[in-house]
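For reference, the structure discussed in these notes is given below.
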Amino acid sequence: MNYRDFIAGYFSRQWRAAGLGLNLALVVFCSILAMTLNGYAFAAAPKVGTQAPGFYRMTLGNFEITALSDGTHAFPVHKVLTKTSSIGGQSVPLDQSSPGEADALLAESNLAVPVAGSINAFLINTGSKLILVDSGAGSLYGDCCGHLVDNLRAAGYAPEQVDEIYLTHLHADHVGGVAPNGKMAFPNAVVRVSEADADYWLKDANETAAPELLKSMFEGDKASLKPYIDAGRFKPFTYGEELSPGIKPIASPGHTPGHSFFDVESNGAKLLLWGDVVHVGAVQFPDPAVTVAYDSDAEMAESERLAIFADAAQKGYWIGAAHISFPGLGHVQAKDRHFFWIPANYDAAPTAN
Ligand SMILES: [Zn+2]
Ligand SMILES: [Zn+2]
């Protein structure tokens, strides 16, 4: 080996050694980096545990509809669901008249008690007016609920912009939001409900005669409506006429004496805001005979439900429901004498439909 080969060989060995060392260093570095990044990816990121703001938009003809969530609560299925007994026509707990039915029907929808029950309301922008249908529970149901105003703001509106509030009926989870803790939440709005419900729920004599379960509703109603009554902005309606162009109340007594639907129509499109036709969809679509302990007249509520299920399925209009899983917008379908709920297809950019 001459001197030149010796030098070349020497440097070649050095480079290989250096290369090996570099490779080893790179492997070690990458391993440490991977372990570190792994640490960042899977270490203590706290769970957030909240949903996106509760609003969902759809277009109905020339109207813009915004479903608003007031929250969800553990719906007391076994306490509240009832059925009219075939003997004597009395309303009895479902678990008594049809043991196991509620749990079996829930299981068919992959649900089990406790079921989260939605409380939904609907904001209609007619182009000239902002109308809210139902208002959630306000402060009457505790911390679960009363989120309607936050969600209204998240949806791009302010409570001051609401011109009118139409209530399907005067149960706490529909009226409470007009005045949480007795304070007017919609300072420029006129509140409207059927005369029949106003007459019933605002009379002390009816409170005395009411079943125990419903007694607290009377106090909630009076406290919620007082600021609007005092301000001359509580105006009960009778049926037959539109309350605003395209929006008409329809009598649907049973759940309460003056329970109302609101028929909302624009440019050939129709949405029926049907209030409390359904409390537990997974049970009441397959078995519309299931009633709730809150029904003032359970038999009447049951026949109203059957009639509106059939009508909605036959005519195919939109439904907006207070207690179907948020946003509570969808259609009713009938197949082989059974009813189904078809929820709205999510649309990130709602346009005319
Ligand atoms: Zn109700
Ligand atoms: Zn309700």
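First listed ligand is number 1; within each ligand, the first listed atom is number 1. As the structure is a prediction and not an experimental result, all values here were calculated from the model.
Residues meeting the side-chain contact (heavy atoms from CB on, under 4.5 Å) test with E108, sequence neighbours left out: L105.
Note on H174: counted as a metal contact of the Zn ion (ligand 2), an N/O/S atom lying under 2.8 Å. Taking backbone and side-chain atoms together, H171 has an N/O/S atom less than 2.8 Å away from the Zn ion (ligand 1). Not a single N/O/S atom of D173, whether from backbone or side chain, sits less than 2.8 Å from the Zn ion (ligand 1).
Residues E164 and K129 are paired through a salt bridge, judged by an N-O separation under 4.0 Å between the basic side chain and the carboxylate. Under a 4.0 Å N-O distance rule, the pair K83/D95 does not qualify as a salt bridge.
Aromatic pair W201/H169: centroids not less than 6.0 angstrom apart.
Residues V193 and V175 are not in side-chain contact: their nearest non-hydrogen atoms beyond the backbone lie 4.5 Å or more apart.
Considering just the N/O/S atoms of D276, the one nearest the Zn ion (ligand 2) carries the name OD2. Take the N/O/S atoms of H255: the one nearest the Zn ion (ligand 1) is NE2. If you look at H169 and ask which of its N, O or S atoms sits nearest the Zn ion (ligand 1), the answer is NE2.
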